[in-house]
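Lettering follows sequence order; numbering is per chain, from 1.
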Amino acid sequence: MNTLIRLEGLHKGYAGAKVLRGISLEVAAGQIVAIMGPSGCGKSTLLHILGLLLTPDLGRYEVLGQEMFALNHREKARFRRQFFGFILQSCNVFAHTTVAENVEYPLIYAGVPRRERLRRVRNLLAQVHLEANENERSNTLSGGEQQRVAIARALINNPRILFADEPTGQLDRSNTEHLMRHFREVATQMHLGIVIVTHDAQVAAHCDVVHTLRDGMLEARGNEPAMGGRPGCVGFQLGKP
Amino acid sequence: MIRATDLLRIVLRQQVRQLNYGVILAVAFGICIYLSMGILGKEIETLIGQDINFIGGVSVIKASLEEHYFPDTPPQSFAPAVLEQVRSMPQVLSASTSMRRVCWVPMTVGQRTFDLYALGVDPWFWTTNSITAFQGRLLDAADEAKRARVCVLGGEIAQILFGEGPYIGRIVGIHNDNYEVVGIGIGIMLRGNWCFIPLGTAMDRGIHDAAPNRMQLRMRRLEDVEPMARIIPDIVSQKQQSLHLKVEFAGEELSKILGIVRWVRILLTLGIASSLILGCMGIWQGTFAAVRERTREVGLKLAMGAERWDIWAQFLGEAICKSVLGGILGIVLGAVCIYVTGFLLHIPIVWTKFGQDSLLCAGAATLVGVVGGMYPAILASRMDAVHALRYE
């Protein structure tokens with residue numbers, strides 16, 4: 001299996017309190033990994049460290065075989081542009097911008113020419129069934145549609161790893177189901193590693209591996225595919241009920 | 001790093017969708033006043049100088065050769081070279097000569113005889129003394145060249161002589177000669193029974209007994225009156241022998257009016273400065289508010305790979321965009337104000353100077369944006385990504 005992320009012996013503390021204590025984790029291409037745990041246990045901290053937004057106190061972190069903690073600020077930003085995608089729980093879209101403009105942003109920062117950007121944005125919006133909303137203001141869309149915009153934006157730069165922090169927090173069961181199917185499909189098609197921080201058992205049921213963070217340490221368990229969702233088992237249309 | 005063209009597109013898009021009219025108008029107001037003052041200020045001061053003559057002709061300097069007080073001194077007049085030199089000076093609006101003294105002459109209209117002041121004047125006399133034609137025309141260079149027997153009457157005497165009119169084309173007898181009335185002059189400085197005839201005609205017809213020995217200078221700006229009055233003796237002495245030159249101007253009235261003008265100028269300058277400072281503070285506060293409102297957006301952008309420079313450039317760009325939009329609006333408003341004022345007051349507009357001043361204003365507007373937006377933009381760019389993402 002092609003390992004995308006390898007994390008070993010990660011420690012992180014705030015104001016003397018240890019939040020993460022010797023975390024080790026591996027994520028492979030095409031794999032969806034869930035991190036669960038009670039509120040305040042450090043799930044989001046772990047996700048931010050994995051996403052190179054936060055620096056740990058101790059540990060070793062490799063992405064695509066490259067040591068991450070040795071990178072400086074600009075190199076980390078470049079790495080995020082090239083290989084990472086982020087989806088958050090809420091306020092995921094930029095106000096005063098259209099759907100297409102929202103999705104376009106990562107490509108702007110990557111320096112992709114405008115014509116190429118528009119082509120890629122249109123293709124991706126068609127995949128998430130938002131092509132008709134291309135010129136609509138993002139904040140006029142429903143919660144589910146906004147989340148699809150966020151997914152399109154996270155995928156526009158063809159990342160290798162997708163980080164999602166409570167991505168279904170504001171979605172109902174039906175939309176959660178669609179979102180997770182969507183994640184499964186892109187993980188399979190793009191050989192993408194997906195790390196999801198969640199409280200939701202419904203989300204966890206769609207993941208290949210579920211880690212529970214307790215007392216600063218991870219407990220891992222495998223997950224039976226709830227919908228035949230192993231890599232390669234996709235047979236539905238994106239974003240469609 | 002974000003490209004300049006993309007940055008410009010994003011910044012303009014943001015401004016169009018989130019127009020901050022207050023800030024834009026504040027900057028526009030300051031720029032508009034500055035441009036109007038810069039282009040029209042001197043001309044308007046000139047007009048004010050002409051219009052406030054009721055206080056005593058404060059922008060007029062009177063110079064005269066007073067040899068008649070000395071019986072043994074021959075009559076003197078100003079040399080043409082003196083007049084040429086003062087007329088060529090940029091601060092002099094017009095310079096006029098007139099006869100050595102005003103004559104009290106009999107005038108005959110039909111069977112009636114009146115006494116009035118007759119004065120031989122040159123074609124510059126009207127501008128110098130703010131006299132305009134109420135009817136007909138004023139005496140010009142052609143009348144002077146032809147030694148024409150024509151005259152311009154003051155409004156008061158015209159009414160006494162001819163009632164309600166008509167005035168133009170009427171014949172009056174002055175000093176045994178008939179003169180045709182070609183115009184009726186009016187002006188704040190024109191009081192009493194006056195009749196003006198061409199200077200050359202007056203000399204030929206013996207209305208006056210000597211060449212002109214009075215010179216009146218109207219200055220463009222009030223500030224130029226006193227310095228000019230000081231150098232007139234030097235100018236005259238360089239060109240001719242002048243034993244008894246007398247120079248007069250309304251010093252006390254002038255200093256009072258200059259004080260008023262100075263205060264008006266200070267108030268206008270304060271108006272410009274305060275509107276630009278207001279714009280600057282508006283941009284400062286607006287950018288701070290934008291940074292606060294879009295904190296999560298900053299976090300998201302940092303997460304998706306934006307560099308700190310990108311965040312800084314976007315917020316600073318938005319601030320500059322606001323002030324530059326205000327600057328452009330101010331330049332457009334300024335152009336309209338200048339055009340309309342110039343048209344109404346018949347002031348010639350120097351558009352090349354307007355272009356130069358507009359460039360200066362665009363620079364000032366950009367500076368306002370930079371000053372107002374720099375610190376909030378730096379704060380935004382230094383924001384911690386995790387803190388920003390967790391911001392509620």
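Within 6.0 Å of CD on A:Glu67 lie more than 12 heavy atoms contributed by other residues, nucleotides or ligands. Around atom CE of B:Met383, more than 12 heavy atoms belonging to other residues, nucleotides or ligands sit under 6.0 Å away. Applying the 6.0 Å contact sphere to CZ of B:Phe343 captures no more than 12 heavy atoms from other residues, nucleotides or ligands. The environment of A:Lys18 atom NZ is dense: over 12 non-hydrogen atoms of other residues, nucleotides or ligands sit within 6.0 angstrom. Around NE2 of B:His387, the count of heavy atoms belonging to other residues, nucleotides or ligands within 6.0 Å does not exceed 12. Atom CZ of A:Arg74 has 12 or fewer neighbouring heavy atoms from other residues, nucleotides or ligands inside a 6.0 Å radius.
Among residues two or more places apart in sequence or in another chain, the ring pair (Phe, Tyr, Trp, His ring centres under 6.0 Å) test is passed with B:Phe29 by none.
B:Arg308 and A:His73 share a donor-acceptor pair across their side chains, judged by distance under 3.5 Å alone.
Options B:Ala385, B:Gly299, B:Ala306 differ in how many heavy-atom pairs under 4.5 Å they form with chain A, and the most are formed by B:Ala306.
Contact of A:Tyr105 with chain B is made through backbone and side chain together, with heavy-atom distances under 4.5 Å. Contacts of B:Arg390 with chain A are made by side-chain atoms alone, with heavy-atom separations under 4.5 Å and no backbone atom involved. Neither the backbone nor the side chain of B:Leu7 comes within contact range of chain A; no heavy atoms are under 4.5 Å apart. Heavy atoms closer than 4.5 Å to chain A are found in both the backbone and the side chain of B:Ala303. If you measure heavy-atom distances from A:Glu104 to chain B, the contacts under 4.5 Å come from the side chain alone.
Nearest heavy atoms, A:Ala77 versus B:Glu307: CB-CG, 4.1 Å.
Residues of residues 45-55 of chain A that come closer than 4.5 Å to chain B, counting heavy atoms only, are A:Thr45, A:His48, A:Leu53, A:Leu54, ordered by residue number.
For the pair A:Ile108 and B:Arg3, the minimum side-chain heavy-atom distance is 4.5 Å or more. Side-chain contact check for A:Phe94 versus B:Arg294: every heavy-atom pair is 4.5 Å or farther apart. Looking at A:Leu88 and B:Arg296, their side chains come closer than 4.5 Å, going by heavy atoms from C-beta outward. In this structure the side chain of B:Met304 reaches within 4.5 angstrom of the side chain of A:Tyr109, judged on heavy atoms. Counting heavy atoms from C-beta outward, A:His96 and B:Gln14 have side chains that approach closer than 4.5 Å.
Taking CG of B:Leu300 as the reference point, atom CZ of A:Arg153 lies at 5.0 Å (rounded to 0.5 Å).
Side-chain N or O atoms of B:Arg13 include none that pairs as donor or acceptor with a backbone N or O of A:Thr97 at under 3.5 Å.
Using a cut-off of 4.0 Å between Lys/Arg side-chain N and Asp/Glu carboxylate O, A:Glu101 and B:Arg17 are scored as salt-bridged. For the pair A:Arg117 and B:Asp6, the salt-bridge criterion is met [side-chain N within less than 4.0 Å of a carboxylate O].
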